[in-house]
Amino acid sequence: MELNVLFGGRAGDGIRQLGQLWARLLARRGYRVFLYDDYPSLIRGGHNFTVVRASELPVSSHRERVEILVALNSEALERHRWRLEKEGLILGEDLEAGVSVPWKEIVKEERAPAIMRNTAALASLARLLDIPWEELEGHLRRDLPKETELNLKIAHRSYQKTSGGVFRSLPVLSQEPWPTFFGNEALALGAVAAGLKLYVAYPMTPASSILHYLALHGETLGVTTIHPENEIAAILCALGASYAGWPSMVGTSGGGFALMVEALSLAGQAELPIVIIECQRPGPSTGVPTYTMQGDLDFVASAGHGEFPRVVLAPGEAEEAFRLSAWALYLAWKFQIPVLVLSDKQVSESLFTTKLPLDEVPRLEFKAWAGGGEYQRYALAPDGISPLAFPGDPQAVVKVNSYEHDPYGITTEEPELIAQMQEKRFRKLSLLKDLLDAPAWVKAEGEGETALVVWGSTRGPAWEVARALGWRYVQPLVLEPFPERALKAALEGVKKVIVAETNFTGALVRRLKAHGIQVDHQVLKYDGRPFSLEELEGKVRGL
Amino acid sequence: MELNVLFGGRAGDGIRQLGQLWARLLARRGYRVFLYDDYPSLIRGGHNFTVVRASELPVSSHRERVEILVALNSEALERHRWRLEKEGLILGEDLEAGVSVPWKEIVKEERAPAIMRNTAALASLARLLDIPWEELEGHLRRDLPKETELNLKIAHRSYQKTSGGVFRSLPVLSQEPWPTFFGNEALALGAVAAGLKLYVAYPMTPASSILHYLALHGETLGVTTIHPENEIAAILCALGASYAGWPSMVGTSGGGFALMVEALSLAGQAELPIVIIECQRPGPSTGVPTYTMQGDLDFVASAGHGEFPRVVLAPGEAEEAFRLSAWALYLAWKFQIPVLVLSDKQVSESLFTTKLPLDEVPRLEFKAWAGGGEYQRYALAPDGISPLAFPGDPQAVVKVNSYEHDPYGITTEEPELIAQMQEKRFRKLSLLKDLLDAPAWVKAEGEGETALVVWGSTRGPAWEVARALGWRYVQPLVLEPFPERALKAALEGVKKVIVAETNFTGALVRRLKAHGIQVDHQVLKYDGRPFSLEELEGKVRGL
Amino acid sequence: MLARAKDPLSTYAEITWCPGCGNFGLLTALKKVLKGWQEEGALSRLVLVSGIGCHAKIVDYVAVNSFYAIHGRVLPVAWGIKMARPELTVLGHAGDGDAYGEGLAHLIFAAKRNLNLTLVVHNNSVYGLTTGQFTPTSPKGFKGRSTPKGSPETPINPLELMLASGATFVARGYAGRPAHLATLIEAGLRHPGFAFIDVLQPCYTFFNTYDFFNARVKELPPGHDPTDFEAALRWALKWDYSQEAQEIPLGIFYQVSKPLYEDLVRVSPKEPDLEEHIKRLHS
Amino acid sequence: MLARAKDPLSTYAEITWCPGCGNFGLLTALKKVLKGWQEEGALSRLVLVSGIGCHAKIVDYVAVNSFYAIHGRVLPVAWGIKMARPELTVLGHAGDGDAYGEGLAHLIFAAKRNLNLTLVVHNNSVYGLTTGQFTPTSPKGFKGRSTPKGSPETPINPLELMLASGATFVARGYAGRPAHLATLIEAGLRHPGFAFIDVLQPCYTFFNTYDFFNARVKELPPGHDPTDFEAALRWALKWDYSQEAQEIPLGIFYQVSKPLYEDLVRVSPKEPDLEEHIKRLHS
Ligand SMILES: Cc1ncc(C[n+]2csc(CCOP(=O)(O)OP(=O)(O)O)c2C)c(N)n1
Ligand SMILES: Cc1ncc(C[n+]2csc(CCOP(=O)(O)OP(=O)(O)O)c2C)c(N)n1
Ligand code: SF4
Ligand code: SF4
Ligand SMILES: [Mg+2]
Ligand SMILES: [Mg+2]
């Protein structure tokens, strides 16, 4: 059982909200849903569309073809008609064919803002799918806390006016309903679950909604949220807090991350824990800000002058986003290093149903200074991890330093010490490799002799395609340090390796090859759009 | 015939100047010299030393051991006594053994600033090496245009007071004297030779002397030189100029380059020619600012969000610095891309004798718009290179854009165009590979079955070591795109590959391996110091 | 064809500002200025530079040389263009997030140096394109998406800052008065030195200030002497960019003449005699 | 041992400033302040933050908590520390290249926000550690290594800029008067809000201004009312950081009290009930 609905209209028509309301309604009926949102970089006008896919089974990708097309203007109809399945339904206003409901009129008559057409459209859709009014009313009361009564009035009139009978019945599923999360919400909550105290970010699509979410819910979540003057201030503020003992995180997209690179290197030298979320979009430069691409892997993996250990994690959907951002904070503090979480628009701004594994993620811990003797911030520990104390401790003088330094944190230029400190920092890399080059960090499913290998957001369609084709599915969750052993283990017995990613130069392909893993086919997409299920399947089938 | 002299003293004693005067004197006698300067990050005090190696044959590395130690204080003596060859000479003040000359007294009596002890020391050294007074006087008149008479007076008194006879005679060589250049001067002049018009830089060791040199001689060289408020302004100012038709360049070290990364990506998207000189020093972060390391290769090779073609060149001495910065400007304009020149403190701040190949470097040229029809800044040219016009042209409206754009430079979000433009930009990479993956871009000498492979500043000692051991010497001048074919050709018949570089993780080793070239031994040094000749030889001999 | 057949100053790009956006008024003013330059046959000597944001789209809409730059960096780009080609006239279009947030330092230095550029700030006191966060000129308490409980910061007064930074031309316009605004821009372009114009630009969607401004803006009295620094400062301090004000003055607050940076720094291109240089300096 | 046995406020680090450097006076003043805090048993509540440059070495020389940061970024680091631990007192040491060049935007925002921090700027009007280039406060015509023909720029007046940016504590000290300077720093540390102290610091090697300052510095008259903005501005405008001045005032030019940023923004840490949150918001 699957249902795919496309909602299309102009920016400002509330298309995304409409999709989200629909997705949540279905989620509460026990469906697993995925919402893909396609919008240009403007505030009003242009063309937006949102695809909501609902299924009994977990999904995290969208289909190209849909059973229902909800058109809030005629452009939506023109652009997307080709997507409609045979026997599909068109819902809109003033249609030649399909179900027409006079939403504009209803909204006008109620003297409501034009955007409330989206509530009207939702009601029509609910009616056509045999959702009882009482149920819809309950959803709207919950999801539209503002102007609820007006919305309900509009919904009710539209519900009544929708004729044409039931298009399809959507049974309430018996499985437990799962909550819905945008990828960015899951990223935020993962860090909160691990112990986040401070989030600092300058707005940048597609990372901004982490900022908005934490600013709105920070009081509840115990997170201070700051929007500073620029990205440079953002990361240095976060590093100051981290020095003072507050787990902190920053989030941005590629261009903002570029401005953080100098401070990333500072975190490396001063051994300050920090989590950086980088939500990719098509570059170079401003590029295509509201679309998606996996084009920044090499950049984040080697950003920063000088050499220092770091971790790069890449989630492919909301649950992974939650887990990995929790792990990011954990690893950052355990190893006193910068940890980067590489998301993209497709993960960050899509909506997923998932039960977040609240109890399965690590909580932040660190090697605390036990007191006794004199404190050395950079004690030459055998494992490279010096015990942490924080300013304010009456027993310790805590000195961190961007210069190369001695164990007390005092600047040094002595060759022996320079080498020793570099070795100390890199001892952590061996520990990291032991921890992260392990099966848990490479998702592998299926037994086939053909493997589809992907990372990040390409997971959504790839996982389903691999299943459908009886192939093995392989996805590293950590990209740096690269889990060479675990990948080779996951690929044991595989005769054909196919890699798919949304970029031009094949960042994962390059990495696999550099680590001695042969790649037989690469499937790249670099037009700013994610792979739809059909598209990916079409491209890999027969390879 | 070789002579190695170490000059040691406190910062502020004028040690570098002393070494430079000595080096120039020898250069004018037909010697090939190399000056290595070791100084901490402070202005007065601490310990500085400068080693000048002179030889009949070209040299670009220093020896650990010296024949003469000129000590401007007792610390210099203590620190460096071990370097003295048997039968070596110590020259200083108040020495127990060696030649003592009362420089302080002379300077005091002449009421000269204390720093003029260095002139006195130079005179003593000249005397001991049998340099006639008249010759020394000539040098000083040329090289010390300020306070010349006072300097001469001091020199003369010191010359007279230096007893102990001639330590060694230094014949005037019959070969043509070569001029002397600091690496940074050669980098500056290379760009000038190719057509540089604007240099913009914020001070940062070890790149600052490019700024100082061009600021001082810009009038002569036809180069406008700007010191702006920060590195971000530096590169954007340079990009503005490049859009308007002025070949421009910026220079910095790793931390400053980090701040330029956002604009690097802009250059990639807008296809603006720009040369960036990055003079490495030990990181991460502030690190060890006045020392050396080859730790930023991965960083510069993949800096910037999104994917775009770039070139990374790495000179190992002054002549290469000159050639490569000229080529950098040439390639930047020919292909309308950013080109990075990766130097380090050891190349940038060492002094070399070399005849700059003024007539062998390319002069800037570009595909100019021929007029006719309407101008399209991003015309979809078959080779990816769109013809250039500049604002001010009455026939053309010239629009560049950081967004993905159509041929006119107008923003686009259309998937087909996004893909086409990405393909267009990357067509240049194929041309670049054809041009740069060629024998001219990989230095290869000797025929041995063991090869010593290095890049950048490690060239100095490695070239000599390889010669001495009868090994093959291999050095890629271009690191990105990586000259895989040319390297494989250069290594044909080699049974053992040894790689030496001054960093912790082996950036070149990693690249060679990723391109299927086996590395048998890696020799890494990461204490901020370059390899001396003996050290490198000691480490590789017997491998 | 880049330009529209019927309106050759405009391009084929579809205008994607929200209906009612103050940027339309700005575009009207700009076009008025461009028209004058076109009539004088000088249009090709003009270059626009923009940041990123709603404001920045303006360069896509006019068939004039332009450098659509990155967020916050209008001024250094404009500077570079001017160094290379002083005969060009460079007009920057920045947002308030752009000019007063990400790029604030460049603004102060442009004034300090007296770069020969004109900067128009589309000041809507909000980050429009990123959907409504507070900016350095948002009033305290402004509820944006990054400050749902209200901005904790007091706005800066850009005019006061510019006066303190040595700017030689300081003006304020209003998008709701495009004709007046056009005269300011034209005056800025003709000013030899750094011309700063803060333009009050209502953001219809995220911060609709039309009523607020319409009720308060007022041109400076004809008797105002723009060479009087103290008077300029006094007028600038009349409104502190809060949501309270009796009167919001518009016009040229300050205009004086100072030496141009470019004259002091720029070296004319020439073919250097490298051989001679090396002989003299390095041999 | 980090601290010297004989002088527990000092570390074993060798002081590498040039003999005669104004930073020695600053260190004397700082130590005087530290001594007071030590006697009160409050030293461990103090944190120093520095940039990069000669000035910044000061943190290596005192046995106190410190964050030796990067060039230009003293203020955002200090801000973060304060957000995490408001009970700590944070004292920033920046250079003029640091605070007025690379990091200028942070300075204006720190004032605008009224962050509860103290910033001491070691203003020697030169980049000391990078061997003598001009800075934003170098006088016009200053011959540094990047401006061999003289700086083409007019210096900024940091006090004027700070007043225009909303700073609540604006002071000027002189490294040649460490005792007076110590009182300023102490007052800054006790000021609830952003305390800005520009310290005239001769650079013995690259810009020796001792004679110039000794002949001109003068404490503000006792009658000066630091809550009077206009008076503060008038005093600040007495000297424009050029090489000409009759008199260079020292002291607290301006001090008022405004709400603290941290009180408006900081959320106290707590153990969130995520399950409840998800039920309420996401189910
Ligand atoms: C370095 C960087 N950070 C963040 C962004 C995201 N961004 C794009 S536009 C914008 C805000 C623009 O606000 P403003 O300058 O006021 O322009 P407006 O949209 O209001 O006209 C931001 C933050 C970016 N493009 N680059
Ligand atoms: C991003 C960056 N750019 C440049 C430098 C090089 N740098 C180190 S100190 C310094 C100047 C410091 O000047 P100032 O802040 O006035 O300090 P002073 O040495 O005069 O005390 C510079 C430019 C750097 N460390 N980081
Ligand atoms: S968001 Fe505001 S500034 Fe942007 S186009 Fe809409 S009304 Fe104009
Ligand atoms: S260079 Fe100047 S500021 Fe730096 S230590 Fe020497 S005298 Fe002091
Ligand atoms: Mg704005
Ligand atoms: Mg300074």
Side-chain angles (χ1 to χ4, degrees), chain A residues 27-28 177 179-181 185 189 192-193 197-198 200 217-226 228-230 232-246 248 262-263 266 270 356 358 374-376 390-403 405 408-411, chain D residues 1-3 11-13 41 43-49 52 57 59-60 63-85 87-88 90 103 105-106 108-109 112-113 265-283:
Chain A
R28 291 189 190 122
T180 57
F181 301 92
E185 294 174 341
L189 290 171
V192 172
K197 290 288 160 280
L198 178 69
V200 198
H217 303 297
E219 206 77 59
T220 312
L221 300 173
V223 176
T224 298
T225 310
I226 296 181
E229 62 271 32
N230 57 34
I232 297 175
I235 186 165
L236 284 146
C237 179
L239 290 176
S242 148
Y243 160 70
W246 253 20
S248 61
E262 191 198 6
L266 166 61
L356 297 184
L358 295 184
E374 212 183 0
Y375 182 62
Q376 293 189 323
F390 301 108
D393 182 335
Q395 307 307 319
V397 175
V398 185
K399 291 180 106 65
V400 296
N401 198 339
S402 76
Y403 275 97
H405 40 254
Y408 286 105
I410 299 283
T411 304
Chain D
M1 283 284 294
L2 178 67
T11 68
Y12 54 79
L43 200 58
S44 64
R45 289 211 319 269
L46 201 64
V47 185
L48 307 186
V49 181
I52 295 294
K57 297 181 173 184
V59 302
D60 264 356
V64 180
N65 299 312
S66 62
F67 191 131
Y68 203 148
I70 52 178
H71 182 48
R73 314 301 171 194
V74 170
L75 284 167
V77 167
W79 180 17
I81 295 169
K82 195 70 189 175
M83 291 310 293
R85 303 285 296 276
E87 72 276 17
L88 297 176
V90 185
H106 309 306
I108 288 169
F109 277 91
K112 171 186 195 290
R113 294 188 181 114
V265 169
R266 190 170 185 275
V267 171
S268 294
K270 69 165 181 180
E271 197 52 49
D273 185 341
L274 276 185
E275 222 158 315
E276 172 56 29
H277 173 79
I278 290 171
K279 206 178 285 162
R280 203 168 49 77
L281 244 101
H282 295 273
S283 302

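Note that this is a predicted model, so its numbers are computed, not measured. Quick note on labels: first sequence line is chain A, next is B, and so on, each numbered from 1.
Distance check, rounded to the nearest 0.5 Å: OH of A:Tyr408 to CE of D:Met1 gives 7.0 Å. Taken from CZ in D:Phe67 to CG in A:Leu266, the straight-line distance is 5.0 Å, to the nearest 0.5 Å. Here A:Thr224 contributes atom OG1 and D:Met83 contributes atom CE; the two are 5.5 Å apart, rounded to the nearest 0.5 Å. For the atom pair CD1 (D:Ile81) and CZ (A:Phe390), the distance works out to 12.5 Å, reported to the nearest 0.5 Å.
Each of A:Lys197, A:Gln376, A:Gln395 has some count of heavy-atom pairs under 4.5 Å with chain D, and the biggest count is that of A:Lys197. For the options A:Leu239, A:Leu198, A:Val223, heavy-atom pairs under 4.5 Å to chain D are most numerous at A:Val223. With respect to chain A, the highest number of heavy-atom pairs below 4.5 Å among D:Ala78, D:Ala63, D:Ala84 belongs to D:Ala84. In terms of heavy-atom pairs under 4.5 angstrom with chain D, the leader among A:Gly222, A:Cys237, A:Ala27, A:Ala244 is A:Cys237.
Both the backbone and the side chain of A:Phe181 come within less than 4.5 Å of a heavy atom of chain D. Using a 4.5 Å cut-off between heavy atoms, A:Pro177 does not touch chain D at all. Contact annotation for A:Glu185: only side-chain heavy atoms (C-beta onward) come within less than 4.5 Å of a heavy atom of chain D. A:Leu221 touches chain D through backbone and side chain together, each having a heavy atom under 4.5 Å away. Only the side chain of D:Thr11 comes within less than 4.5 Å of a heavy atom of chain A; its backbone N, CA, C and O stay farther away.
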Under 3.5 Å, which donor-acceptor pairs do the side chains of residues 69-77 of chain D form with other protein atoms, sequence neighbours left out?
{"from": "D:His71", "atom 1": "ND1", "to": "D:Asp98", "atom 2": "OD1", "distance (Å)": "2.8"}
{"from": "D:His71", "atom 1": "NE2", "to": "B:Tyr202", "atom 2": "OH", "distance (Å)": "2.6"}
{"from": "D:Arg73", "atom 1": "NH1", "to": "D:His106", "atom 2": "NE2", "distance (Å)": "2.8"}
{"from": "D:Arg73", "atom 1": "NH2", "to": "D:Glu102", "atom 2": "OE2", "distance (Å)": "3.3"}

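With respect to the salt-bridge test (charged N to carboxylate O, under 4.0 angstrom), the residues A:Glu229 and D:Arg113 qualify.
When side chains are defined from C-beta on, D:Ser44 does not count as touching A:Asp393, because their heavy atoms never get closer than 4.5 Å. Side-chain contact between A:Tyr243 and D:Asn65 is present, with heavy atoms from C-beta onward closer than 4.5 Å.
Summarising the local packing, NZ of D:Lys279 is surrounded by 12 or fewer heavy atoms from other residues, nucleotides or ligands at distances under 6.0 Å. The number of heavy atoms from other shown groups lying within 6.0 Å of CD (D:Glu275) does not exceed 12.
A pairwise comparison of heavy atoms in D:Asp60 and A:Gly409 identifies OD1-O, 4.1 Å as the closest pair.
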